[in-house]
Number of protein chains: 2
Amino acid sequence: MLNSADTPLRAALRHVALFANLSDAELDLVAARVREKRIERGAFFFHQGEPAENFHILKSGQVRIFQTTPEGTQVLMHFIQSGQMFGAIAAFGVKEYPASAQGDEPSSAWVWNANTMRELVAEIPALALNALEHTAQIIQQLQERVRELQTERVERRVARALLRLARQSGKRIAEGVLIDHPLSRQDLAEMTGTNLYSVSRILSAWEKQGLVSSGRERIILCVPHKLVILAEDLVPPPNK
Amino acid sequence: MLNSADTPLRAALRHVALFANLSDAELDLVAARVREKRIERGAFFFHQGEPAENFHILKSGQVRIFQTTPEGTQVLMHFIQSGQMFGAIAAFGVKEYPASAQGDEPSSAWVWNANTMRELVAEIPALALNALEHTAQIIQQLQERVRELQTERVERRVARALLRLARQSGKRIAEGVLIDHPLSRQDLAEMTGTNLYSVSRILSAWEKQGLVSSGRERIILCVPHKLVILAEDLVPPPNK
DNA sequence: CGCGCTCTTGAGAGCGTTCAACTTGCGTGG
DNA sequence: CCACGCAAGTTGAACGCTCTCAAGAGCGCG
């Protein structure tokens with residue numbers, strides 16, 4: 001189904017969402033300026049506060065994007081999966097990375113210099129449109145998160161976070177849907193604006209009800225359908 | 001200081017940040033497809049959930065962007081000032097407006113059809129770069145807000161919100177810096193994820209300390225400097 | 001000059017955090 | 001191979017920030 005004359009690199013980039021609808025010539029422009037960077041598990045592609053020099057797309061592995069507050073508490077913004085861009089906000093305007101990007105596993109990424117990426121965007125209309133589309137989606141997700149933080153209780157926020165993770169990296173297994181990467185109580189807390197104790201209590205309660213099955217850095221949603229009800233239930237007063 | 005051959009419309013658009021660095025010919029392209037829309041105070045440019053057909057830039061007046069949850073509570077996302085774009089997220093990808101845009105005053109906006117704006121972005125590289133830069137800034141602001149909601153107490157969030165408003169639409173007067181548009185306790189609550197009672201208590205306390213002077217939908221920051229300390233203070237335990 | 005919307009303030013309750021102590025799981029080195 | 005140790009997770013108890021509800025005061029517009 002591929003152009004048989006594709007170079008391996010061009011073929012790989014062709015499947016990245018950001019480069020959808022680019023012509024072969026345009027893909028070559030993009031490919032000509034890319035370089036690759038690998039990091040070990042736990043290492044960083046960049047740190048919060050560093051000058052934002054690069055634009056990244058994850059090639060393999062998994063990366064977490066988080067901010068650290070002056071007080072030292074962390075806020076987990078995103079998990080980046082293969083094919084997704086990161087460090088993009090910084091490349092398009094801001095001068096410093098507003099967050100850090102750390103490998104959850106050994107990871108590799110395609111990297112472009114920020115100025116180079118801006119030139120490419122200016123040269124390739126389809127790339128500009130794709131980039132705008134993706135940033136628009138990020139904005140929508142962030143607005144959703146603000147809305148949740150402002151209006152919803154902790155239990156519901158945790159339910160939503162798990163459902164989102166299941167959609168992103170869920171894996172069907174016998175017992176239900178496994179969140180297919182290490183995920184601690186602390187991680188979930190940093191995603192939902194609470195602490196590991198509250199997350200632990202909530203998961204324990206759900207486990208008693210058979211909704212989930214969880215272990216060390218491992219969570220299985222057994223009855224996702226009931227979590228959806230928890231996350232979105234509008235029935236006003238539970239009449240117990 | 002302007003090109004004397006400018007049409008009035010071209011001259012006006014030239015000063016919009018989104019159209020910075022566009023040539024006269026490009027500005028004319030943009031101007032050729034614009035139309036204008038006026039609304040009364042309290043009326044809407046668009047409602048949450050409607051198909052996202054238009055891209056807007058505020059010409060005059062003031063607009064609030066907010067989301068309404070299924071439960072009916074509102075979350076105030078932004079105040080839009082003259083020259084700022086809105087309804088942009090929707091135009092670049094999403095199919096429905098994720099929020100509503102309501103006039104806080106009688107307001108008028110330049111409006112482009114969403115498809116038209118996408119065509120313009122594809123035709124005008126400088127416009128694409130500007131748009132990406134602005135969406136990147138919005139993302140950064142939203143990340144900041146998520147971080148605040150997850151890690152900070154109500155009082156600090158309110159302090160930050162006021163300082164932000166002062167920066168955006170503050171007006172120097174004798175007593176201090178006036179937030180130059182009607183702003184109720186309820187509005188502040190919907191911006192910071194609390195309720196009008198807590199906001200009222202906080203403002204009362206600050207008023208006793210002389211930090212602010214507030215009245216009906218009107219707030220003056222008397223000692224902004226001390227609010228900054230409140231918003232960012234790292235000194236761990238205030239020893240009273 | 002009165003009606004309505006905004007704001008204030010008290011009292012009480014509860015959700016969630018904090019702290020502390022303990023358990024469990026897993027890798028590693030003796 | 002077992003023992004040790006650290007990291008992740010659990011759970012109880014207590015506190016307190018914030019919300020909720022209720023009642024009343026104040027400001028402005030018509």
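Chain identifiers are assigned alphabetically (A, B, ...) following the order of the sequence lines, protein sequences preceding nucleic acid strands; residue numbering begins at 1 within each chain.
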Self-check item: Ring centroid separation B:F66 to B:H78 under 6.0 Å
Solution: no

Self-check item: Presence of donor-acceptor pair under 3.5 Å, side chain of A:R201 and base of D:dG9
Solution: no

Quiz item: Between C:dA20 atom P and A:Y197 atom OH, what is the distance in whole Å?
Solution: 10 Å

Quiz item: Rounded to the nearest Å, what distance is computed from the CZ atom of residue A:R156 to the C1' atom of nucleotide C:dC15?
Solution: 15 Å

Quiz item: At under 4.0 Å between heavy atoms, what does B:R153 touch on the DNA or RNA strands: base, sugar-phosphate, or nothing?
Solution: sugar-phosphate

Quiz prompt | A:E232/A:K226 salt bridge by N-O under 4.0 Å criterion | solution = no

Quiz item: Quick one: A:R218 CZ to D:dA7 C1', roughly how many Å, whole number?
Solution: 18 Å

Quiz item: Do the charged groups of A:E152 and A:R160 touch, with an N to O distance under 4.0 Å?
Solution: yes

Practice problem: Look at the side-chain N and O atoms of B:S204 and state whether any lies under 4.0 Å from the OP1 or OP2 oxygen of C:dT9. | Solution: yes

Quiz prompt | Integer-rounded Å distance: D:dC29 C1' and B:E217 CD | solution = 13 Å

Quiz prompt | B:R41 (side chain) donor-acceptor with B:D104 (main chain) under 3.5 angstrom | solution = yes

Quiz item: Which of residues 176-196 of chain B have a heavy atom under 4.0 Å from DNA chain D?
Solution: B:G193, B:T194, B:N195

Self-check item: Contact summary for B:G170 and B:V177, nearest pair of heavy atoms
Solution: CA-CG1, 3.8 Å

Self-check item: Distance, rounded to the nearest Å, where A:I202 contributes CD1 and D:dG9 contributes P
Solution: 14 Å

Quiz item: So, is A:S198 near the phosphate of C:dG16, with a side-chain N or O under 4.0 Å from OP1 or OP2?
Solution: no

Practice problem: Compare the minimum distances between each of C:dG10, C:dG25, C:dT17 and the side chain of A:R216, then state the nucleotide with the smallest one. | Solution: C:dG25

Self-check item: For B:F86, the option from B:F55, B:F46, B:Y97 that meets side chain to side chain contact (heavy atoms under 4.5 Å, CB included)
Solution: B:F46

Exercise. State whether A:R164 and A:E148 are salt-bridged, where the test is any N-O pair (Lys NZ or Arg NE/NH1/NH2 against Asp/Glu carboxylate O) under 4.0 Å.
Key: yes

Practice problem: Whole angstrom is fine here: how far is it from CG in A:L203 over to P in D:dT10? | Solution: 7 Å

